[in-house]
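A short write-up of the structure that comes next.
Proteins come first, then strands; the chains are lettered A, B, ... in the order of their sequence lines, and each starts at number 1.
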Amino acid sequence: EAGVTQFPSHSVIEKGQTVTLRCDPISGHDNLYWYRRVMGKEIKFLLHFVKESKQDESGMPNNRFLAERTGGTYSTLKVQPAELEDSGVYFCASSLISGRGGNEQFFGPGTRLTVL
Amino acid sequence: KNQVEQSPQSLIILEGKNCTLQCNYTVSPFSNLRWYKQDTGRGPVSLTIMTFSENTKSNGRYTATLDADTKQSSLHITASQLSDSASYICVVSAYSSNTGKLIFGQGTTLQVKP
C-alpha cells in the first residue's frame with residue numbers, strides 16, 4: 001500500500017513568487033493534515049481537512065496561505081506571495097478517523113521550501 | 001498554553017547501549033501521547049501511542065512510559081543499533097471531538113556510534 005506522498009520534495013523560489021505544494025494521502029483516508037517545521041522550531045499544525053471540508057484551520061499563519069482539497073482526495077497548499085519566513089519543511093499527514101485526539105497519522109516525507 | 005518539552009536536545013551513545021529520552025507536556029485536556037521517530041529527510045513515523053489509562057507501551061526495543069499525573073513521558077531504547085540514529089519526537093493530542101490536531105515537541109536528536 002502506498003504511503004502519503006508529497007510533491008515536490010524540494011522547492012527554491014524567490015520572495016514574492018508563488019509556490020504550490022501537493023499532498024496525496026493514503027487511499028481511503030478522509031482526514032488530511034498539513035504541518036510545517038521552520039528552522040530550529042518544532043513541527044506545527046497548519047490545518048485539518050475531513051474529506052473536502054476544512055475542519056480546523058487554526059494554525060494557518062496568514063492569508064498568504066491557501067489550502068484546498070477538491071473532491072476530497074489530494075490536497076494543495078499554495079503560498080502567495082512567498083516571504084522569507086515561509087522557508088521550512090511542509091509535512092502532510094493522513095488518518096482514517098479523527099476526533100477525540102485522532103487516530104494514527106501517517107506522514108509524508110515533506111516538501112522543503114526555501115524562499116530566497 | 002499547550003506545550004511539549006523534550007530533553008535532552010541531543011544525545012550520543014555507543015551501539016548496544018541503552019538510553020532514555022524525556023518528555024514533559026502541559027497539554028489540556030489530554031487525549032493521548034505519541035512518540036515518533038524521524039529519520040533525516042523523511043517524515044515522522046509513529047512508534048507508540050498511549051492514552052490516559054496506559055502507563056507503558058512497547059514496540060520492539062522501544063518502550064514508552066506515561067505518568068498522566070505528573071504529565072511526563074519517557075522513551076527507553078534498549079540495545080541501541082546504528083539505525084536508531086534519528087530524531088525522536090514526543091507528540092501530544094488534546095481531547096477534541098472534531099479535530100486530530102497534534103502538538104509537537106522539538107525532538108531529541110540521537111546519534112548511535114559504532
Side-chain angles (χ1 to χ4, degrees), chain A residues 2-10 21 23-26 29-51 53-60 88-112, chain B residues 1-7 9-10 23-54 57 59 64 66 68 86-109:
Chain A
V4 177
T5 58
Q6 293 186 244
F7 182 84
S9 57
H10 294 82
L21 314 181
C23 168
D24 286 78
I26 293 172
H29 282 193
D30 286 341
N31 296 276
L32 186 149
Y33 313 82
W34 283 99
Y35 295 88
R36 176 174 74 169
R37 183 173 202 162
V38 297
M39 183 72 75
K41 299 281 190 178
E42 69 274 18
I43 297 172
K44 286 191 174 177
F45 170 84
L46 295 178
L47 88 160
H48 169 202
F49 281 102
V50 177
K51 296 185 180 178
S53 300
K54 292 176 184 175
Q55 186 72 24
D56 180 356
E57 51 184 330
S58 61
M60 294 289 266
V89 182
Y90 290 76
F91 292 102
C92 175
S94 72
S95 70
L96 198 55
I97 62 173
S98 68
R100 297 195 176 185
N103 200 356
E104 181 173 356
Q105 294 184 21
F106 297 86
F107 282 78
T111 292
R112 180 174 294 278
Chain B
K1 180 182 177 182
N2 288 333
Q3 257 184 316
V4 178
E5 295 187 354
Q6 294 185 240
S7 62
Q9 189 173 10
S10 62
C23 172
N24 297 324
Y25 62 92
T26 57
V27 178
S28 181
F30 173 85
S31 177
N32 58 66
L33 185 145
R34 311 155 188 233
W35 282 93
Y36 280 86
K37 177 186 179 187
Q38 185 177 14
D39 293 308
T40 301
R42 303 216 173 186
V45 174
S46 179
L47 295 174
T48 62
I49 300 177
M50 290 182 291
T51 60
F52 183 90
S53 59
E54 296 175 292
K57 183 164 279 190
N59 178 359
L66 173 64
S87 177
Y88 291 84
I89 309 173
C90 177
V91 184
V92 179
S93 181
Y95 183 95
S96 170
S97 61
N98 63 359
T99 182
K101 176 179 177 179
L102 300 179
I103 300 161
F104 289 74
Q106 284 203 317
T108 293
T109 301

Locate the shortest heavy-atom distance separating [X] from [Y]; write the atom from each residue and the value.
X       : Y        : value
B:Gln38 : A:Phe91  : NE2-CZ, 3.1 Å
A:Arg37 : B:Gln106 : NH2-O, 2.9 Å
B:Ser46 : A:Glu104 : CB-OE2, 3.2 Å

Worksheet item: By a 4.5 Å heavy-atom criterion (distance strictly below it), what part of A:Ser58 contacts chain B: side chain, backbone, both, or neither?
Response: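 Contact with chain B: side chain only.
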Chain A contact via [X] - which portion, at a heavy-atom distance below 4.5 Å:
X        : value
B:Gln6   : neither
B:Phe30  : neither
B:Ile103 : neither

Worksheet item: Which distance, rounded to the nearest 0.5 Å, do you find between the CZ of B:Phe104 and the OH of A:Tyr35?
Response: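 Taking CZ in B:Phe104 and OH in A:Tyr35, the distance rounds to 5.0 Å.
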Worksheet item: Considering residues, nucleotides and ligands other than A:Lys51, do more than 12 of their heavy atoms fall under 6.0 Å from its NZ?
Response: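 Count not over threshold, so no.
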Item to complete: State whether the number of non-hydrogen atoms from other residues, nucleotides or ligands found under 6.0 Å of B:Lys57 atom NZ is greater than 12.
Response: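 Yes.
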Discussion item. Run the side chain to side chain contact (heavy atoms under 4.5 Å, CB included) test on B:Leu102 and A:Gln105 for me, step by step, so that the C-alpha distance in whole Å, both residues' side-chain angles and the decisive distance to 0.1 Å come before the verdict.
Written reply: CA-CA 9 Å; B:Leu102 300 179; A:Gln105 294 184 21; 3.5 Å; yes
